[in-house]
*Asks:* 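Submitted below is the structure of interest, expressed as structure tokens.
Every number for a ligand or one of its atoms is a count from 1 in the order of the listing. Side chains are part of it too, since the values below use all heavy atoms of this structure and drop only hydrogens, waters and symmetry mates.
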Amino acid sequence: MKLLVVGGGGREHAIIKKLKANPSVETIFALPGNGGIAHDAVCVPIGAKEVSKIVAFAVENQIDYAVVAPDDPLVLGCVDALEEKGIPCFGPKKNAAIIEGSKVFSKELMKKYGIPTASYEVFTDLEKALEYVKTAPLPTVIKADGLALGKGVIIAETREEAKEALVSMMQDKKFGASGDQVVIEEFLTGPEVSVLSFTDGETVVPMISSMDHKRALDHDQGLNTGGMGTIAPNPYYTESIARECMETIFLPTIRAMKSEGRTFKGCLYFGLMLTPKGPRVIEYNCRFGDPETQVVLPLLESDLLTVMMAVTEGKLASTEVKFADKSAACVILASKGYPASYEKGFKLEIPADVWPHADVAGAKLDGDDLLTNGGRVVGISAVADELKDAIDAAYARAARVTFENRYFRKDIGARALKAKEN
Ligand code: AMP
Ligand code: GLY
């Protein structure tokens, strides 16, 4: 089979490595991929948002199956466009990807179907939003409606910060049209859990839970990033919480989307907060998480391509999805200064025995050399029977991956280990 994977980060690298394990796979094309992904796939310089070029490439190269991984092409309708040409895909159609593409849509869906989430108000008018935050409880959470590269959420501790956030989103259009509407919501507290799930629109199968580390610096200080590391499973996510989430969140969401005529097929990511009042949805993503995928897929024992195709064909209920009873950790090696300003173009060296555990996020080939080409450069992962051993092994491998200005958090998994002790 000839496969195509749209995207070019660490998540896509992890997906590609897992897809390769299926013996019927002959070639995987990554659009655009990156210099590290080129280790495992044929990279083609077509951007993930260039939907018409992606479709033309898929038709010309007689692609048998496509995986659309990032949010942007999903929200733009890449799956619809490929399927119109008869190419089966993994990923939701445009009318279902809106669950991530519009926070207003997802909040209204949750309200209509009684799915637990933070209480909220929607504003399209700056003056009204400013008036509201004059008396709203602090801290208050301000979210741009549309996609904003993971930066559209501001937790305002003061009224002044809330005002600045609203002006920058709604007046200065910091995130373009994404800020035409904003959601202002209740601030929740509790451990966060990422639960990715496979769903064919009828059946939903949660994958092993995970924990992201979003802040740039140790002890959850510094700016929010795309994610500096992950561990799985998440020790806060107990079996009884998992059952509760299935009943109050996962199944109701899948059914709600179907009732709305927006059947969701693909990976639906539930960003949850385990509050003192029970689990609440913080966000939905219409795709695999990055870097959650880098710890979840190494624990998947079933064949990924088989599961993905079962999702596409609506056969998930009769397909086994099995995870190892082990733990995984992933440490992101970033360029110093990320997520603000950082330099690129440094030589990246990955020892041969580390390559199978390296998911390259930002690197390009320069002859035979790999050069850093992004804020997040590479994720290094490990699997072990015990979480502590997985974390230690990931750090030991990460120490052997070198490039100038390398930066990483030293405390990935520390909070999870502590939670396990208690
Ligand atoms: P998001 O981009 O929606 O994942 O939000 C980024 C981060 O902001 C989340 O991972 C949470 O840590 C935090 N966050 C979002 N919404 C809330 C909320 N209602 N209460 C507290 N923290 C929140
Ligand atoms: N790691 C968070 C996300 O993928 O949105």
*Asks:* Hey, which atoms in ligand 1 end up nearer than 4.0 Å to a heavy atom of Lys143?
*Replies:*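 Within the 4.0 Å cut-off of Lys143, ligand 1 contributes 3 (O), 15 (C), 16 (N).
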*Asks:* Are Lys173 and Phe175 in a cation-pi contact, defined as NZ or CZ under 6.0 Å from the six-membered ring centre and within 45° of the axis?
*Replies:*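 The answer is no; the distance or angle limit is not met.
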*Asks:* Counting each atom of ligand 2 from 1 as listed, which ones have a heavy atom of Gly289 under 4.0 Å away?
*Replies:* 4 (O)
*Asks:* What is the closest protein heavy atom to atom 12 (O) of ligand 1, and at what distance does it sit?
*Replies:* Glu192 OE2, 2.4 Å
*Asks:* May I ask you to test the Tyr338-Arg376 pair for a side-chain heavy-atom distance under 4.5 Å?
*Replies:* yes
*Asks:* Taking only heavy atoms of Ile155 into account, list the atoms of ligand 1 that are under 4.0 Å away from them.
*Replies:*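 Reading through ligand 1 atom by atom, the close ones are 13 (C), 14 (N), 22 (N), 23 (C).
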*Asks:* Parallel, tilted or perpendicular, judged at 30° and 60°: which one describes the rings of Phe90 and Phe198?
*Replies:*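 Phe90 and Phe198: perpendicular rings.
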*Asks:* Can a donor-acceptor pair be found, under 3.5 Å and without considering hydrogens, that links the side chain of Asn373 to the backbone of Ala363?
*Replies:*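 Such a contact is absent between Asn373 side chain and Ala363 backbone.
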*Asks:* Short N/O distance, under 3.5 Å, between Glu283 and ligand 2?
*Replies:* no
*Asks:* Using a 4.0 Å cut-off to any heavy atom of Val141, which atoms of ligand 1 qualify?
*Replies:*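 Result: 16 (N), 17 (C), 18 (C), 19 (N), 20 (N).
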*Asks:* At a 4.0 Å threshold, what atoms of ligand 2 neighbour a non-hydrogen atom of Gly226?
*Replies:*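 That gives atoms 1 (N) of ligand 2.
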*Asks:* Report the distance from atom CD1 of Ile142 to atom NZ of Lys163, rounding to the nearest 0.5 Å.
*Replies:*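 The distance works out to 12.5 Å.
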*Asks:* Applying ring pair (Phe, Tyr, Trp, His ring centres under 6.0 Å) as the test, list every pair that has at least one member in residues 212-259; sequence neighbours left out.
*Replies:* Phe250-Phe270
*Asks:* Show which atoms of ligand 1 fall inside a sub-4.0 Å distance from at least one heavy-atom site of Phe187.
*Replies:* 20 (N), 21 (C)
*Asks:* Does the separation of the ring centres of Tyr132 and Phe123 fall below 6.0 angstrom?
*Replies:*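 Yes; Phe123 has its ring centre under 6.0 Å from that of Tyr132.
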*Asks:* Please step through ring-ring contact (aromatic ring centres under 6.0 Å, His included) for the pair Tyr284 and Tyr269, ending with a clear verdict.
*Replies:* CA-CA 6 Å; Tyr284 292 115; Tyr269 166 136; 9.7 Å; no
*Asks:* Is the contact between Tyr269 and ligand 2 made by the side chain, the backbone, both, or neither, using heavy atoms and a 4.0 Å cut-off?
*Replies:*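 The part of Tyr269 near ligand 2 is the side chain, not the backbone.
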*Asks:* Using modelled atom types only, decide if a donor and an acceptor are shared between the side chain of Asp172 and the backbone of Lys174 within a distance under 3.5 Å.
*Replies:* no
*Asks:* Got the closest protein heavy atom to atom 17 (C) of ligand 1, with its distance?
*Replies:*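 Answer, as residue, atom name and distance: Ile282 CD1, 3.6 Å.
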*Asks:* Check whether any side-chain heavy atom of Leu417 lies under 4.5 Å from a side-chain heavy atom of Ile391, and answer yes or no.
*Replies:* yes
*Asks:* Out of Thr117, Ile142, Leu188, Val281, whose heavy atom is nearest to atom 20 (N) of ligand 1?
*Replies:*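 It is Leu188 that holds the nearest heavy atom.
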*Asks:* Need the ligand 1 atom indices (1-based, order shown) with element for anything under 4.0 Å from a heavy-atom of Lys214.
*Replies:* 4 (O), 10 (O)
*Asks:* What is the closest protein heavy atom to atom 4 (O) of ligand 1, and at what distance does it sit?
*Replies:* Glu283 OE2, 2.8 Å
*Asks:* With atoms numbered from 1 as shown, which atoms in ligand 2 lie under 4.0 angstrom from a non-hydrogen atom of Glu292?
*Replies:* 1 (N), 2 (C), 4 (O)
*Asks:* Considering only heavy atoms of Asn285, which atoms of ligand 2 have at least one such atom less than 4.0 Å away?
*Replies:* 5 (O)
*Asks:* Starting from atom 5 (O) of ligand 2, locate the nearest protein heavy atom and write down its residue, its atom name and how far away it is, to 0.1 Å.
*Replies:*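 Going atom by atom, the protein heavy atom closest to atom 5 (O) of ligand 2 ends up being Arg287 NH2, 2.9 Å.
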*Asks:* Ignoring hydrogens and geometry, is there a side-chain-to-backbone donor-acceptor pair from Thr293 to Asp290 under 3.5 Å?
*Replies:*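 Absent.
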*Asks:* Verify, without hydrogens or angle tests, whether Ser178 (side chain) and Ala144 (backbone) share a donor-acceptor contact under 3.5 angstrom.
*Replies:* no
*Asks:* Looking only at non-hydrogen atoms, find the nearest pair between Pro116 and Thr248 and report the distance.
*Replies:* CD-O, 3.4 Å
*Asks:* Please state which protein non-hydrogen atom is closest to atom 5 (O) of ligand 1 and give its distance, to 0.1 Å?
*Replies:* Val153 CG2, 3.5 Å
*Asks:* Can a protein heavy atom be found under 4.0 Å away from atom 7 (C) of ligand 1?
*Replies:* no
*Asks:* Looking only at N/O atoms, are Lys214 and ligand 2 under 3.5 Å apart anywhere?
*Replies:*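 By distance alone, the answer is no.
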*Asks:* Which atoms of ligand 1 are found less than 4.0 Å from any heavy atom of Glu185?
*Replies:*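 Answer for ligand 1: 16 (N), 17 (C), 18 (C), 19 (N).
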*Asks:* I'd like to check which ligand 1 atoms, numbered from 1 as shown, lie under 4.0 Å from a non-hydrogen atom of Lys103.
*Replies:*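 Per the distance check, 3 (O).
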*Asks:* Would you mind listing which atoms of ligand 2 come within a distance below 4.0 Å of any non-hydrogen atom of Asp212?
*Replies:*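 So the atoms of ligand 2 that pass are 1 (N), 2 (C).
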